Asker: 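This structure is in structure tokens; I'll ask about it shortly.
The figures here come from the full heavy-atom set of this structure, side chains too, leaving out hydrogens, waters and symmetry mates. The chains referred to below are lettered A, B, ... by the order of the sequence lines, with proteins before strands, and numbering in each begins at 1. Keep in mind the model is a prediction, meaning the values are calculated, not measured.
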Amino acid sequence: MNRTLITDALTVPAPGADLTVAGWVRTVRISKGGFCFIHLNDGSCFDSIQIVADKDLHNYETEILHLTAGTSIAASGKLVESPAKAQRVELHAAEVSLIGTCDGEQYPIQPKRHSFEFLRTQAHLRPRTNTFGAVARVRNAVSAAIHDFFQSRGFLYVHTPIITASDCEGAGTLFRVTTMDPAEPPRDDAGNVDFAQDFFGRPTYLTVSGQLDVEAYACALGNVYTFGPTFRAENSNTPRHLAEFWMVEPEMAFADLTANADLAEDFLKHVFTAVLDRCGRDMEFFNERIDETIIETLKGIIDSQFARISYTEAVDRLAQADRKWEYTVEWGNDLQTEHERYLTEEVFKVPVIITDYPAAIKPFYMRLSDDGKTVAAMDVLVPKVGEIIGGSQREERLDVLVQRMGQLALNPQDYWWYADLRRYGTVPHAGFGLGLERTVQFATGMANIRDVIPYPRTPRSAEF
RNA sequence: UCCCCGAUAGCUCAAUUGGUAGAGCGAGCGGCUGUUAACCGCUAGGUUCUAGGUUCGAGUCCUAGUCGGGGAGCCA
């Protein structure tokens, strides 16, 4: 079939062409007087095309009059200007052929408003709805923009492993990867499970981050990034967490925290610009139906200068705020959601980059500052979603790194190769991690992260 | 994991102090119309999440569980 994408059909400058479109029926309005209107969507764009089918078509009585939502059809005919206002062009069908029937009584997706909760139980069919089609296109645009941004700046795309043996980065609980029979695992003489007999000859897990691996490539190739799925076995039940999600992690050699923050700010602006440019119609929809401020918010961020304050300044501001905090504000305590939201939503009203956190509440790989109390860490906070980026300048001094591991009761043996990067030609370097789903969530205004990934994995939920 | 809230037709929701379970959408049939997730009429569609309990009587009250949602923690 030589089909024309509906997005192309709707945007041809001068109608008049004969063409064929194919897709899934959204609605059918029948005129017993002699024709019917079929709205057809093929996912190539937000809008459906209107097909006008006349009673003279050979299958008008037998098939066309019985079309229901969800049916797949192909239609050929002439594209003409529409006499009505709601659409610029429409297809006058010379032929409508039924491809796949769809029992209207059984089909779960109706031309009406469904709850997102219900649509989650129909994850295989929900991309046929306006909202989830739009989310899929925005997610694609964000992914492409991520690659555009880094590729255009000479960053090398590095594929870090999904299966990993490092098990203690402090980034959350891991999923174990094994081929052993859980009912009867091999055991050693002491009766303990013997992972030496497992597939890899040692315990292995799904990665929680590609950072440590990608650092090695930064310390050879300069500027790099990894972009792939990551896994956290945390029992987190919130609209902002998934057990499986995608993360982008750039890493720059010969770079400090300021360069890192600059990169993060440019990066977010680039991504949101691309979304507005490439998904205009989808974004109009989100602005109409999901969050009436979303386009304004994205434009505001693109034009804004991100606020940058140190953790110490943030604590001061929170302590002086005329407000009761549920969690005590005190230097040394981590900032809570209520604090982060206050800063980004009420004080600055733009994204905020908070830097220089206390060393005690951050992982071993972050660079210890000269004050001996803080590390060169940064979080980028955005309104509603909260933390969207976390990053740091890495500790490049071997002695300090080993000392920090000791303080956190980590075994340097487990990180021998990571330490090697400091042992052989060490350089200052920095990077960050950005959650893809949180970015899509923020860009679309979707309230629940489970609705911006095709098949969400959360505690007790892995259907599909 | 903790705290709150919820579960009624395929879907979205009503149902007064505990007293005969309703509507819209969707579906089928009919009418009408260059319509715009059209409109009008008729029809079909229910083990009120599960298991117990209180009561003459439970969708409604109590207990436990399951599932879902919101908030918190953990984080991206």
Asker: Is the distance from OP1 or OP2 of B:C74 to the nearest side-chain N or O of A:S236 less than 4.0 Å?
Answerer: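 Checking B:C74 against A:S236, no side-chain N or O comes under 4.0 Å of OP1 or OP2.
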Asker: Which listed nucleotide (B:A76, B:U1, B:U36) is nearest to the side chain of A:R29?
Answerer: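 Ranking B:A76, B:U1, B:U36 by closest atom to the A:R29 side chain puts B:U36 first.
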Asker: Between A:H114 and A:A447, name the one whose nearest nucleotide on RNA chain B is closer to the 5' end.
Answerer: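 Counting from the 5' end, the first nearest nucleotide belongs to A:H114.
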Asker: Looking at B:G34, B:A72, B:U1, which one has an atom nearest to any side-chain atom of A:Q87?
Answerer: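 In terms of side-chain proximity for A:Q87, the closest of B:G34, B:A72, B:U1 is B:G34.
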Asker: Kindly give the heavy-atom pair with the smallest separation between A:A443 and A:M283, and that separation in Å.
Answerer: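 Closest heavy-atom pair between A:A443 and A:M283: O-CE, 3.0 Å.
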Asker: Tell whether A:E326 reaches the base of B:G73 with its side chain through a donor-acceptor pair below 3.5 angstrom.
Answerer: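 There is none.
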Asker: Taking C-beta and beyond as the side chain, do A:F46 and A:N130 meet within less than 4.5 Å on heavy atoms?
Answerer: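 Contact flag for A:F46/A:N130 side chains = yes.
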Asker: Which nucleotide sits closest to the side chain of A:I449: B:U36, B:A76, B:U12?
Answerer: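 Selected nucleotide (nearest to the side chain): B:A76.
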Asker: In terms of side-chain heavy atoms of A:A86, which of B:C11, B:U36, B:A76 is nearest?
Answerer: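 Nucleotide nearest to A:A86's side chain: B:U36.
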Asker: Please state whether the rings of A:F155 and A:F150 are parallel, tilted or perpendicular, taking 30° and 60° as the class boundaries.
Answerer: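 Tilted, since the angle between the ring planes falls between 30° and 60°.
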Asker: Kindly point out which of B:A27, B:A76, B:U35 is positioned nearest to the side chain of A:R232?
Answerer: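 Nearest to the side-chain atoms of A:R232, counting from C-beta on, is B:A76.
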Asker: Check the distance between B:A7's C1' and A:F118's CZ and give it to me in whole angstrom.
Answerer: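 My rounded result for the distance is 15 Å.
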Asker: B:U35, B:A37, B:A72: which one has an atom nearest the side-chain heavy atoms of A:P111?
Answerer: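 So the side chain of A:P111 is nearest to B:A37.
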Asker: For A:Q50, answer base if it contacts any base atom (sugar-phosphate contacts may also be present), sugar-phosphate if it contacts only those atoms, and nothing otherwise; contact means non-hydrogen atoms under 4.0 Å.
Answerer: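 Contact class for A:Q50: base.
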Asker: A:Q106 CD to B:A9 P: how many Å, rounded?
Answerer: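 That distance rounds to 16 Å.
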Asker: Let me know the distance between CG of A:L436 and C1' of B:A76, rounded to the nearest Å.
Answerer: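 That distance rounds to 10 Å.
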Asker: Closest-nucleotide mapping onto RNA chain B: is A:P83 or A:L434 further toward the 5' terminus? I mean the 5' end.
Answerer: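 That would be A:P83.
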Asker: Side chain of A:N287, backbone of A:I295: donor and acceptor closer than 3.5 Å?
Answerer: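 Here the side-chain-to-backbone pair exists.
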Asker: Which heavy atom of A:L174 sits nearest to which heavy atom of A:L206, and what is that distance?
Answerer: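 That would be CD2-O, 3.8 Å.
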Asker: Rounded to the nearest Å, what distance is computed from the CG atom of residue A:L125 to the C1' atom of nucleotide B:G10?
Answerer: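 The distance from CG of A:L125 to C1' of B:G10 comes to 13 Å, rounded to the nearest Å.
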Asker: When the aromatic ring centroids of A:F231 and A:Y205 are compared, is their separation below 6.0 Å?
Answerer: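 Ring centres of A:Y205 and A:F231 not closer than 6.0 Å.
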Asker: Give the rounded distance in Å between these two atoms: CZ of A:R126 and P of B:C11.
Answerer: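 Rounded to the whole Å, the gap is 17 Å.
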Asker: Would you indicate, yes or no, if B:G73 has its OP1 or OP2 atom less than 4.0 angstrom from a side-chain nitrogen or oxygen of A:T337?
Answerer: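 Checking B:G73 against A:T337, a side-chain N or O does come within under 4.0 Å of OP1 or OP2.
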Asker: Using the P atom on both, measure B:U16 against B:C56 and round to a whole Å.
Answerer: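 Approximately 22 Å lies between the P atom of B:U16 and that of B:C56.
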Asker: Do we see A:F245 stacking on the base of B:A76, given a limit of 5.5 Å between centres and 30° between planes?
Answerer: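 It does: the ring sits over the base of B:A76.
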Asker: Describe the nucleic acid contact of A:I109 in one word from base, sugar-phosphate, nothing, applying a heavy-atom distance below 4.0 Å.
Answerer: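 If one applies the 4.0 Å heavy-atom cut-off, A:I109 turns out to touch nothing in the nucleic acid.
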Asker: Determine the interatomic distance between P on B:C74 and the same-named atom on B:G19; round to the nearest Å.
Answerer: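 Going atom to atom, P in each nucleotide, I get 47 Å.
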Asker: By nearest atom, which of the nucleotides B:A76, B:C74, B:A37 is closest to the A:R289 side chain?
Answerer: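 Taking heavy atoms from C-beta onward, the closest nucleotide is B:A37.
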Asker: If you measure from the P atom in B:A64 to the same atom in B:C25, how many Å do you get, rounded?
Answerer: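 Taking atom P in both B:A64 and B:C25, they lie 41 Å apart.
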Asker: When rounded to the nearest Å, what value does the distance between C1' atoms of B:C75 and B:C67 take?
Answerer: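 About 26 Å, rounded to a whole number of Å.
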Asker: Is any side-chain N or O of A:Q336 closer than 4.0 Å to OP1 or OP2 of B:C74?
Answerer: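 For A:Q336, the contact criterion (side-chain N or O under 4.0 Å from OP1 or OP2 of B:C74) is met.
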Asker: How far, in whole Å, is B:C11 from B:A27 if one measures between their C1' atoms?
Answerer: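 Each nucleotide's C1' atom is 12 Å from the other's.
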Asker: What integer distance in Å separates A:D47:CG from B:U36:P?
Answerer: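 These atoms are roughly 17 Å apart.
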Asker: So what does A:T121 touch, heavy atoms closer than 4.0 Å: a base, only the sugar-phosphate, or nothing?
Answerer: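 Answer is nothing: A:T121 stays at 4.0 Å or more from every strand.
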Asker: Within the structure shown, what part of the strands sits under 4.0 Å from A:E90 by heavy-atom distance: base, sugar-phosphate, or nothing?
Answerer: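 Base contact - A:E90 has a heavy atom under 4.0 Å of at least one base atom.
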Asker: Pick base, sugar-phosphate or nothing for A:E387, based on heavy-atom distances below 4.0 Å to the nucleic acid.
Answerer: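 Sugar-phosphate: the residue A:E387, judged by heavy atoms under 4.0 Å, touches backbone atoms but no base.
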Asker: Write down the distance separating the C1' atoms in B:U43 and B:U47, rounded off to the nearest Å.
Answerer: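 The same atom, C1', in both gives a distance of 24 Å.
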Asker: Restricting to nitrogen or oxygen on both sides, can you table the protein-nucleotides 66-69 of chain B pairs closer than 3.5 Å?
Answerer:
| from | atom 1 | to | atom 2 | distance (Å) |
| --- | --- | --- | --- | --- |
| B:G69 | OP1 | A:R120 | NH1 | 2.5 |
| B:G69 | OP1 | A:R450 | NH1 | 2.8 |
| B:G69 | OP2 | A:R450 | NH1 | 2.9 |

Asker: Can you measure A:Q110 atom CD to B:G24 atom P for me and round it to whole angstrom units?
Answerer: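 Going from CD in A:Q110 over to P in B:G24 covers 15 Å.
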Asker: Give me the distance, rounded to whole Å, that separates B:C13 from B:G46 when you measure between the C1' atoms they each carry.
Answerer: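 Rounded to whole Å, the distance is 15 Å.
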Asker: Would you indicate what A:S115 reaches in the nucleic acid, counting non-hydrogen atoms under 4.0 angstrom: base, sugar-phosphate, or nothing?
Answerer: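 Sugar-phosphate only.
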Asker: Is the A:W325 ring parallel, tilted or perpendicular to the A:Y342 ring (thresholds 30°, 60°)?
Answerer: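 A:W325 vs A:Y342 ring planes: perpendicular.
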Asker: Which nucleotide in the list B:A72, B:A38, B:C75 gets nearest to the side chain of A:T27?
Answerer: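 Closest nucleotide among those given: B:A38.
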Asker: Can you tell me which stems RNA chain B forms when a stem means 3 or more consecutive Watson-Crick or G-U pairs under 3.5 Å?
Answerer: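 Stem segments, range with range: B:1-7 with B:66-72, B:10-13 with B:22-25, B:27-31 with B:39-43, B:49-53 with B:61-65.
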Asker: Mind telling me whether A:W246 and A:F227 have parallel, tilted or perpendicular rings, with 30° and 60° as the class edges?
Answerer: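 Answer is perpendicular, since the angle exceeds 60°.
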Asker: B:G45 and B:G31: how far apart are their P atoms, nearest whole angstrom?
Answerer: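 Each nucleotide's P atom is 24 Å from the other's.
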Asker: I'd like to know if A:E265 pairs up with A:R308 as an ion pair, taking the criterion as any Lys NZ or Arg NE/NH1/NH2 lying under 4.0 Å from an Asp or Glu carboxylate oxygen.
Answerer: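 A salt bridge links A:E265 with A:R308.
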Asker: I need the CG-P distance between A:D334 and B:A72, as an integer number of Å.
Answerer: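 In whole Å, B:A72 P and A:D334 CG are 15 Å from each other.
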Asker: For a quick test of reading the model, state the closest non-hydrogen atom pair linking A:A259 to A:A255 and the distance between them.
Answerer: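 Closest approach of A:A259 to A:A255: CB-CB, 4.1 Å.
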Asker: Inspect the surroundings of CD in A:E346 and state if more than 12 heavy atoms from other residues, nucleotides or ligands are less than 6.0 Å away.
Answerer: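 Yes, enclosed.
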Asker: Can you name the one residue among A:E251, A:R153, A:E249, A:H147 that meets side-chain hydrogen bond (donor to acceptor under 3.5 Å, both in side chains) with A:Y225?
Answerer: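 Among A:E251, A:R153, A:E249, A:H147, the one that satisfies the side-chain hydrogen bond (donor to acceptor under 3.5 Å, both in side chains) with A:Y225 is A:H147.
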Asker: Can a cation-pi geometry be assigned to A:K362 and A:Y357, taking NZ or CZ under 6.0 Å from the six-membered ring centre and within 45° of the ring axis?
Answerer: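 Because its charged atom sits under 6.0 Å from the ring centre and within 45° of the axis, A:K362 does stack over A:Y357.
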Asker: Once you apply a heavy-atom cut-off of 4.0 Å, does A:Y327 come out as touching a base, just sugar-phosphate, or nothing?
Answerer: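 Result for A:Y327 = sugar-phosphate.
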Asker: When you get a sec, tell me which of B:A72, B:G24, B:G34 is the closest nucleotide to the side chain of A:F35?
Answerer: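 Looking only at side-chain atoms, A:F35 lies closest to B:G34.
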